[in-house]
Amino acid sequence: MTVVQANILGFAYTAVKALLEVFLIGFSGYIFARNGTLNKPTLKSLSLISVNLLTPALMFSKMTETLDPALLMELWNEPMFYFIYGGFSLLWSRIGSRVLRLNNEYARLCDVATFFSNTNTLPVSLIKSIALSSGSQFLLKDADDTPLKVAARGVSYAMIFATLNNILRWSFGVALMGGLGSKDKQAFNSVNVSPRTPAFARSSSADRVPSQSNSDTSGDELAPLLLGEPALSPPPQRSWLRRVISAFSARVGVVYGSVQPFVTPPVYAIAAAFIVITIKPLHHAFMDSSTMLYTLWSAIDMCGDACVPLILISLGGQLGLMARERQQPARTNDIERCQCSTSGAEQLSDSDEHSADMTRAPSSAQLVEGVSCVEHRPGATPPSIILRTATDSGGNTIQLNQVSSGTDCTEEISDRELRSGVIMVLVGRFVFVPTLAIVLISTLRILFPQLLPIMVNDPVYMLTLLILSSTPPAINLITVSQATGKFETEAAEILFYGYVLGIFVLAIEVSGFLWLTSALSSI
């Protein structure tokens, strides 16, 4: 009993020490945000640098350094754990929303907050700190293993979760929120030829344009250029093979245009790492210190080392901006609700003020909205096009084009619903999902070790999965909320309490995870 108590105290010391390192770096960002050194533009710039350079560098360097083709084959189960955790989260959120009788739209926000957790900032920094501490010897998988290799493998495992999170946030996450607003539907895609329109789209559009008279085309300077002959001449007939190729190219272009916004630089980094790992001569060239490719890899590795401190400073800065917003309740109320008129006699003299307020967001994510808060009725202004742009975690600007057929206002929710939703999300993230993860991982490790050899051979894999099950909601929750135009202030409330309480809750949970990983590894 004394040995067990000593081990638990040792693991608690390791966990608190690791969390203290994370807290101190993040707190510096919080201070910089409160005194005005960090603001929304500077945080956006830091985010762009992190996601477009430092995070891909971290992923590529750690994966190529620690993984091999055999280990890659054993990682087939990690996406399964991601979706199992997501299923646990949705189960808790859906049942809790019904029991607590939450507003249906607000319940959707809670679904997103519970499903999408922090999979990069906190897990990566925690795993690195734990692996490099003196009490982590049990994480070594063999006599040749080192703490640096343990940390690199843990980062690689966590980044696979982070990549899935980033890909799904702007597809499944928006769908969970009910789409792009309760009354707004995505209604059009531009069919006008633009510099970004592929050549095959131009030719396809030209083929569909019927022959016009001279009076119709005499003023169109582009018509002869697009058709390649005088404007009066009909377009040349194409063979069936060219028509098939053109139709196939158009389909490919549509598919590529749909997925391209979600394929961020970290995704490219993982793909590049897979290629290098699977091609042995290329992998050897990157890892051999006598080659020029090793110089390139070393530079990438140095950039990756700067990733963790920068994202922790950014996280602290975002929380600092949220704290500043919470001290301005009057302005927050203007952002929180778009007061719409249902009376035909009411004037819209303050519409410009509402538009200006709606562009301000309670986080570092940038959102620009052109909102016409006018109820559509006979004789009133017709439905207007709403152009929304939001910056995702990859630093990419996503344009959400909508046609508004009415108002897009957040429904009023009571203080009871707000408190109940926050509590439900935090209990789900910090208690329900981690408990089921412990049961699942313990069962697989004890009863079915042959199914997951990586869990048997590498203790840090188990620890990474356990930590990933217990992190607070992703900070990008506010970005999704802004993009859909719903519950921005409520999302900020969930994030603020999630990260404030998360420091203390994670200290207890990580201590238990370390003890459980040590116990399961000794079986």
Sequence neighbours left out, cut at 3.5 Å: what donor-acceptor pairs do the side chains of residues 498-510 make with other protein atoms?
residue: Y499; atom: OH; partner: N118; partner atom: ND2; Å: 3.0
residue: Y499; atom: OH; partner: P473; partner atom: O; Å: 2.7

Minimum heavy-atom separation for [X] and [Y], please, with both atom names.
X    : Y    : result
M159 : V124 : CE-CG2, 3.8 Å
V460 : T464 : O-OG1, 2.7 Å
A151 : I127 : O-CG2, 4.4 Å
P266 : T55  : CG-CG2, 4.1 Å

Does any N or O in the side chain of [X] come within less than 3.5 Å of the main-chain N or O of [Y], such that one atom is a donor and the other an acceptor?
X    : Y    : value
R153 : T66  : no
W92  : V425 : no
R169 : N476 : no
T42  : L38  : no
D458 : I454 : no
S50  : L46  : no
K128 : V155 : no
S125 : V22  : no
S47  : L43  : no

Stepwise side-chain contact (heavy atoms from CB on, under 4.5 Å) check, I130 with I467: CA-CA 11 Å; I130 291 171; I467 291 177; 4.3 Å; yes
Name every donor-acceptor pair, under 3.5 Å, that has one atom in a side chain of residues 78-86 and the other anywhere in the protein, sequence neighbours excluded.
residue: Y82; atom: OH; partner: N165; partner atom: OD1; Å: 2.6
residue: Y85; atom: OH; partner: L465; partner atom: O; Å: 3.0

Which pairs, with at least one residue in residues 50-63 and sequence neighbours excluded, count as a salt bridge (Lys or Arg N to Asp or Glu O under 4.0 Å)?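 For residues 50-63, and leaving out neighbouring residues, the salt bridge (Lys or Arg N to Asp or Glu O under 4.0 Å) pairs sorted by first residue read K62-D301, K62-D305.
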Side chains of [X] and [Y] in contact at under 4.5 Å (non-hydrogen atoms):
X    : Y    : value
L67  : L75  : yes
T114 : L90  : no
I270 : F274 : yes
N120 : F161 : no
L58  : L54  : no
S420 : R416 : yes

Can you tell me how far [atom2] of [Y] sits from [atom1] of [X], rounded to the nearest 0.5 angstrom?
X    : Y    : atom1 : atom2 : value
N103 : L418 : CG    : CG    : 11.5 Å
I313 : Q318 : CD1   : CD    : 12.5 Å
S469 : I438 : OG    : CD1   : 6.5 Å
I441 : Y461 : CD1   : OH    : 8.5 Å
L477 : I494 : CG    : CD1   : 6.0 Å
N52  : I49  : CG    : CD1   : 9.5 Å

Would R108 and V112 count as a side-chain contact (heavy atoms from CB on, under 4.5 Å) if you check the C-alpha gap in whole Å, the side-chain angles of each, and the deciding distance to 0.1 Å? CA-CA 6 Å; R108 292 178 179 272; V112 177; 5.9 Å; no
Take V480 and L176, measure what side-chain contact (heavy atoms from CB on, under 4.5 Å) needs, and give me the verdict at the end. CA-CA 10 Å; V480 176; L176 280 179; over 6 Å; no
Please work out which of the three classes, parallel, tilted or perpendicular, describes the rings of Y106 and F487, given edges at 30° and 60°.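 If you compare the ring of F487 with that of Y106, the planes turn out tilted.
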Results of side-chain hydrogen bond (donor to acceptor under 3.5 Å, both in side chains) for T163 - residues two or more places apart only: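 With sequence neighbours excluded, T163 shows a side-chain hydrogen bond (donor to acceptor under 3.5 Å, both in side chains) to no residue whatsoever.
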Residues two or more places apart in sequence or in another chain: which of them pass side-chain hydrogen bond (donor to acceptor under 3.5 Å, both in side chains) with R445?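 Once residues adjacent in sequence are excluded, R445 has no partner under the side-chain hydrogen bond (donor to acceptor under 3.5 Å, both in side chains) criterion.
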Between S470 and R429, does a side-chain contact (heavy atoms from CB on, under 4.5 Å) hold up when you go through it step by step? CA-CA 6 Å; S470 61; R429 289 300 327 149; 5.9 Å; no
For residues 95-102, which side-chain N or O atoms pair as donor and acceptor with protein atoms under 3.5 Å away, sequence neighbours left out?
residue: S97; atom: OG; partner: S93; partner atom: O; Å: 2.7
residue: R98; atom: NH1; partner: R94; partner atom: O; Å: 3.2

